[in-house]
Amino acid sequence: MPELPEVEILVRHLRPLIHGKTVRGINVRRSKVLAPTSLRKFRQVLLGAKFTGLERRGKYLLFQLRAQAGSVTLLGHLGMTGRIYLARKSSPLPRHAAVVLDLGRKNFIYEDTRYFGRLTLDSSAVDKLGPEPLAGSFDRPAFAQALKRSRQAIKIKLLDQTLIAGVGNIYASEALYRAGVPPRLPAKKLTGAQITRLLQAIREVLIEAVECGSTLPLDFGGEKSDGLFYFGRAPEAAGNYAERLRVYGRAGRPCPVCGGLIKRFRQAARSTFYCPRCQRS
DNA sequence: AACGCCGCCTGATCGC
DNA sequence: TGCGATCAGGCGGCGT
């Protein structure tokens, strides 16, 4: 599923492709993904608008456009299964295409199998986000204080986007493993050393994934023959990305460090993977 | 205020 | 073979 690194890669890829393009037509096939923006307003604001920039914040994509009314932000979130890419107009629309923007030579496709994602003019969600884990200005004391106030398991806290923006289920397990922190440990029980290791591990995991993911367009689709950018498909299509994961999805297989078996259990209705031997307090 | 839990969605997979 | 049950999970909203 798309987390910070996947969105970062997508943003870098899309930015030059959409820059300067004008929205000439709008085809909304699932108005639910626009919420809370109405279909009428979405069309009214975006028709004729021109893409001027694209940024990432957490797992969100922030498209900047110049519209009649002035500058507007189009907020994208890929949810679990969302994808955004440019496709030839002659390409058949995918089954779950939710929004199609006519950019002239190509179509901007936002598709989402489960429709958990969003493409909306309401960008208020980003105001609630915590700091960017890769920013130099990351506030460690604030992070430590937030942990001190919570009895919740650290794994669950890492998924809280108001604490750190962009960490999802996969990288939460990976970061805890690398930091040697047990996922069930209550947040307030982490020592200063563990917090330091955890923050470092989060950065490492995310940076590594971005570097790894940056090779994705070369491995499949990308700017190749069909001009599509496929993304977040089956793990085997994701090149060496999946191989880099050390615990996620590897229950019953040996820990790369100690050789013990990786365990899986459920936390807040989500899978957590860890090494019982390497992750102890 | 913090926290647990549900609903939203579809497709893959499993058991009978 | 067919079909219902289960699982996958980001996140908003709601109840405690």
Side-chain angles (χ1 to χ4, degrees), chain A residues 1-8 10 28-37 56-62 75-84 93-99 109-130 133 142-176 183-190 202 206 209 230-238 242 245 247-252 264-274:
Chain A
M1 67 234 67
E3 301 183 27
L4 185 153
E6 288 73 27
V7 178
E8 177 64 27
L10 178 60
V28 176
R29 304 171 85 244
R30 277 277 178 147
S31 56
K32 173 200 147 138
V33 304
L34 311 182
T37 303
R56 178 194 59 75
R57 180 78 172 86
K59 303 177 196 175
Y60 289 92
L61 299 102
L62 294 161
L75 184 81
H77 192 289
L78 300 176
M80 288 285 298
T81 51
R83 287 195 222 141
I84 293 175
L93 285 185
R95 185 211 255 288
H96 299 296
V99 178
I109 310 271
Y110 166 56
E111 66 160 304
D112 189 347
T113 305
R114 293 180 200 169
Y115 304 108
F116 279 9
R118 282 291 181 273
L119 191 64
T120 176
L121 294 173
D122 175 17
S123 57
S124 63
V126 299
D127 298 337
K128 299 165 191 158
L129 292 177
F143 179 69
Q145 271 309 309
L147 294 188
K148 283 266 185 312
R149 275 186 268 113
S150 173
R151 287 177 299 281
Q152 224 171 16
I154 185 62
K155 158 70 185 331
I156 296 171
K157 289 311 272 187
L158 289 184
L159 301 179
D160 182 349
Q161 301 300 297
T162 68
L163 204 58
I164 299 188
V167 177
N169 201 42
I170 294 175
Y171 295 110
S173 281
E174 291 295 314
L176 286 167
R184 291 185 181 88
L185 190 63
K188 59 163 60 173
K189 294 278 183 75
L190 267 78
I202 290 169
L206 297 178
Y230 290 113
F231 177 79
R233 270 206 191 276
E236 64 269 18
L245 300 177
V247 289
Y248 188 85
R250 301 178 60 88
R264 183 188 98 118
F265 70 105
R266 299 191 62 79
Q267 269 180 310
R270 283 169 188 87
S271 290
T272 298
F273 297 87
Y274 75 114

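Numbers restart at 1 for each chain; the letters A, B, ... are given by sequence-line order, proteins then strands. Below, each value reflects all heavy atoms present in this structure, side chains not excepted, and no hydrogens, waters or symmetry copies.
- When each of A/Ser150 and A/Arg30 is assigned the nucleotide of DNA chain B bearing its nearest heavy atom, the one mapping closer to the 5' terminus is A/Ser150.
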Yes or no on side chain to side chain contact (heavy atoms under 4.5 Å, CB included) for A/Tyr274 and A/Lys155, after CA distance, side-chain angles and deciding distance?
-> CA-CA 11 Å; A/Tyr274 75 114; A/Lys155 158 70 185 331; over 6 Å; no
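- Residue A/Gln152 has no polar side-chain atom (N or O) positioned under 4.0 Å from OP1 or OP2 of B/dA2.
- Per the geometry, CD belonging to A/Glu111 stands 14 Å off P belonging to B/dT10, to the nearest Å.
- Residue ring and nucleobase are not stacked for A/Phe116 and C/dC11 under a centre distance beneath 5.5 angstrom and an angle between planes beneath 30°.
- A/Asp112 has its CG atom 16 Å from the P atom of B/dC8, to the nearest Å.
- Rounded to whole Å, atom C1' of C/dC11 lies 14 Å from atom CD of A/Glu3.
- Heavy atoms of A/Arg118 sit nowhere under 4.0 angstrom from any nucleic acid atom.
- Between A/Leu119 and the options A/Leu75, A/Val99, A/Thr37, a side-chain contact (heavy atoms from CB on, under 4.5 Å) holds for only A/Val99.
- At whole-Å resolution of the value, CZ in A/Arg270 and C1' in C/dG10 are 6 Å apart.
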For side chain to side chain contact (heavy atoms under 4.5 Å, CB included), just list the numbers for A/Lys59 and A/Glu8, CA-CA rounded to whole Å, side-chain angles, deciding distance to a tenth of an Å, and then say yes or no.
-> CA-CA 8 Å; A/Lys59 303 177 196 175; A/Glu8 177 64 27; over 6 Å; no
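- Among the nucleotides B/dT10, C/dA8, C/dG12, the one closest to the side chain of A/Tyr248 is C/dA8.
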side-chain hydrogen bond (donor to acceptor under 3.5 Å, both in side chains) between A/Asp122 and A/Thr120, intermediate numbers included | CA-CA 5 Å; A/Asp122 175 17; A/Thr120 176; 5.4 Å; no
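- Between A/Arg95 atom CZ and B/dA12 atom C1' the separation is 13 Å, expressed in whole Å.
- A ring-ring contact (aromatic ring centres under 6.0 Å, His included) with A/His96 is found for one member of A/Phe116, A/Tyr110, A/Tyr115 and no other, namely A/Tyr115.
- Sequence order on DNA chain C of the closest nucleotides to A/Asn169 and A/Tyr60 puts A/Asn169 first from the 5' end.
- At C/dC11, none of the side-chain N or O atoms of A/Lys128 fall inside 4.0 Å of OP1 or OP2 (strictly under the cut-off).
- Closest to the A/Met80 side chain, of the nucleotides C/dG10, B/dC8, B/dG11, is C/dG10.
- Put simply, the side chain of A/Arg114 and the base of B/dG11 share no donor and acceptor less than 3.5 Å apart.
- Atom CZ in A/Arg151 sits about 12 Å away from atom C1' in B/dG4, given to the nearest Å.
- The phosphate of B/dT10 (OP1 or OP2) has no side-chain N or O of A/His96 nearer than 4.0 angstrom.
- Toward the 5' end of DNA chain C, the nearer of the two residues A/Ala125 and A/Ala269, judged by each one's closest nucleotide, is A/Ala269.
- At the heavy-atom level, A/Lys157 lies under 4.0 Å from the strands shown only through sugar-phosphate atoms.
- To the nearest angstrom, C1' of C/dG12 lies 12 Å from CG of A/Asp122.
- Nucleic acid contact for A/Ser271: sugar-phosphate only, since backbone atoms but no base atoms lie under 4.0 Å from a heavy atom of the residue.
- In this structure, the nucleotide among B/dC9, C/dG10, C/dG12 sitting nearest to the side chain of A/Lys32 is B/dC9.
- Rounding to whole angstrom units, CG of residue A/Leu159 and P of C/dA8 are separated by 14 Å.
- For the residue pair A/Thr81 and A/Arg114, no side-chain donor N or O sits within less than 3.5 Å of a side-chain acceptor on the partner.
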